[in-house]
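What follows is a single structure, written as structure tokens, with notes after it.
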There are 2 protein chains.
Amino acid sequence: MADLERQPHSPAPDSPGEPSAELAEAAARLRVLTGALMRRLRAAGEGSGVTLSQASVLSRLDRDGPATTVALARAERVRPQSMGATLAALEETGLVERSPHPSDRRQAIMSLTGEGRRQLADVRRTREGWIARALAERLDERERAVVVEALGLLSRLTEED
Amino acid sequence: MADLERQPHSPAPDSPGEPSAELAEAAARLRVLTGALMRRLRAAGEGSGVTLSQASVLSRLDRDGPATTVALARAERVRPQSMGATLAALEETGLVERSPHPSDRRQAIMSLTGEGRRQLADVRRTREGWIARALAERLDERERAVVVEALGLLSRLTEED
DNA sequence: TATTGTTATACTCTATAACTATA
DNA sequence: TATAGTTATAGAGTATAACAATA
């Protein structure tokens with residue numbers, strides 16, 4: 001793997017409107033990191049009974065309380081159709097339940113069941129557990145603070161339209 | 001969306017072997033952020049002719065030079081079969097080409113074509129461009145430094161077995 | 001007309017299993 | 001036996017388009 005001939009990098013374009021080479025490099029690293037994290041998260045939850053997007057919805061219902069399909073889709077930044085599919089799977093396995101909206105009969109309020117809460121505790125142990133453990137064991141206090149601040153900054157960047 | 005009744009959080013478990021509530025919170029935020037970034041990256045490259053994983057491979061071939069399927073799979077942390085599919089698509093559209101390994105006839109060396117290089121420049125403008133621009137325009141100098149350091153720290157966490 | 005939600009369909013990404021060819 | 005790579009198949013995740021019911 002290391003004995004292959006090297007090719008030079010493409011020359012940095014750096015024309016007026018372009019971002020600096022350092023920022024382009026940071027962007028590329030963020031792209032790679034995102035893919036790696038995604039695969040780690042998926043792998044960490046294998047055989048747990050809930051998929052990654054299902055786990056995300058359970059987590060949100062616990063944090064923010066019962067909500068409609070469209071509200072959940074907006075919160076998770078997916079299409080209502082995608083959220084509908086995720087919720088249908090959760091409902092079928094009894095982790096969430098729907099109740100009618102008091103005044104608007106188009107809407108249905110989705111909420112966690114007791115079993116959903118139990119599964120969520122499991123998700124937190126297994127899927128998010130490796131991240132929490134890695135943060136605890138492999139970073140020092142200052143590094144953890146850096147990561148936590150970066151989470152806030154990057155979330156801000158993804159949340160604007 | 002805001003008029004729905006609130007439910008309290010689940011009580012924090014915090015038993016001896018468990019990570020602290022703050023780290024669990026950070027882990028959950030990282031999970032959400034990862035999903036959001038993934039979707040943004042995918043959406044940013046729509047209609048560009050190359051998919052996200054293809055773009056990732058083009059980028060790596062440019063950075064590290066020609067490589068075999070297995071080497072690329074290891075570098076991108078996917079199975080050789082998954083990498084094989086990505087490379088087959090890139091080869092079919094003429095963005096990479098294969099040449100025989102000088103001594104081992106099982107192996108094939110994949111490298112960027114001229115067209116692959118052109119596409120890569122495009123990918124950098126479009127797909128990574130929004131990140132680079134967001135970093136440049138919406139963060140100040142210190143915040144950018146925090147993000148860059150966090151990228152390194154988190155990459156370290158994903159890279160260990 | 002606008003909004004909520006569903007159904008149908010398709011594509012990307014990745015995985016496992018089973019195989020061939022070469023070392 | 002071990003390694004490089006391919007083929008076949010499946011599941012997760014998401015999207016767009018078209019629709020029905022309700023507001």
Side-chain angles (χ1 to χ4, degrees), chain A residues 1 4 31-32 34-57 67-93 96 98-110 127, chain B residues 1 4 31-32 34-57 67-93 96 98-110 127:
Chain A
M1 180 152 119
L4 298 173
R31 178 180 49 65
V32 171
T34 300
L37 280 170
M38 204 68 189
R39 286 186 292 268
R40 277 298 282 255
L41 283 166
R42 204 185 309 118
E46 262 171 10
S48 74
V50 293
T51 67
L52 187 53
S53 57
Q54 287 170 22
S56 200
V57 169
T68 66
T69 301
V70 167
L72 286 168
R74 263 198 292 261
E76 296 278 319
R77 314 203 126 232
V78 298
R79 304 289 151 181
Q81 299 97 314
S82 305
M83 184 52 67
T86 302
L87 287 170
L90 285 170
E91 201 181 358
E92 190 165 11
T93 50
V96 305
R98 71 177 58 211
S99 44
H101 189 283
S103 62
D104 185 341
R105 282 189 306 165
R106 291 173 307 180
Q107 299 185 38
I109 312 293
M110 312 300 301
R127 203 186 294 268
Chain B
M1 185 152 110
L4 298 172
R31 177 180 50 65
V32 171
T34 301
L37 280 169
M38 204 69 188
R39 286 186 291 268
R40 276 298 282 255
L41 283 165
R42 201 183 314 116
E46 261 172 9
S48 75
V50 293
T51 67
L52 187 52
S53 59
Q54 288 170 20
S56 199
V57 169
T68 67
T69 300
V70 167
L72 286 167
R74 264 199 291 263
E76 297 276 322
R77 316 203 124 232
V78 297
R79 304 289 151 179
Q81 299 97 313
S82 304
M83 184 53 67
T86 301
L87 287 170
L90 285 169
E91 201 181 358
E92 190 166 8
T93 48
V96 305
R98 71 178 58 211
S99 45
H101 188 283
S103 63
D104 185 341
R105 281 188 305 163
R106 291 172 307 179
Q107 298 185 38
I109 312 294
M110 312 300 301
R127 204 185 294 269

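Chain identifiers are assigned alphabetically (A, B, ...) following the order of the sequence lines, protein sequences preceding nucleic acid strands; residue numbering begins at 1 within each chain. Note that these values count all heavy atoms, side chains included, but never hydrogens, waters or copies made by symmetry.
- Protein atom CE of B/Met83 is 16 Å distant from nucleotide atom P of C/dT12, rounded to whole Å.
- At the heavy-atom level, B/Ser56 lies nowhere under 4.0 Å from the strands shown.
- For the side chain to side chain donor-acceptor pair (under 3.5 Å) test, residues two or more places apart in sequence or in another chain that qualify with A/Ser56 are A/Glu76, B/Arg31.
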B/S/- along nucleotides 5-14 of chain D (protein heavy atoms under 4.0 Å) is SBB----SSS
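- Here the P atom of nucleotide C/dT14 and the CG atom of A/Leu37 are 13 Å apart, to the nearest Å.
- With sequence neighbours left out, the side-chain contact (heavy atoms from CB on, under 4.5 Å) criterion links A/Gln54 to A/Val50, A/Thr51, A/Thr86, A/Ala89, A/Leu90.
- As a whole-Å value, the separation of B/Leu41 CG from C/dT12 C1' is 14 Å.
- The side chain to side chain donor-acceptor pair (under 3.5 Å) search around A/Arg105 returns none, not counting sequence neighbours.
- Spacing between atom NE2 of A/His101 and atom P of C/dT3 amounts to 15 Å, rounded to whole angstrom units.
- With sequence neighbours excluded, the residues forming a side-chain contact (heavy atoms from CB on, under 4.5 Å) with B/Arg42 are B/Met38, B/Arg39, listed by chain and number.
- The distance from atom CG of B/Asp104 to atom P of C/dT20 is 19 Å, rounded to the nearest whole Å.
- The salt bridge (charged side-chain N to carboxylate O under 4.0 Å, His left out) analysis of residues 78-91 of chain A, with sequence neighbours excluded, yields the pairs A/Glu91-A/Arg98.
- Within the structure, every side-chain polar atom (N or O) of B/Arg105 is placed at least 4.0 Å from both OP1 and OP2 of C/dA21.
- Atom CD of A/Gln107 sits about 5.0 Å away from atom OG1 of A/Thr68, to the nearest 0.5 Å.
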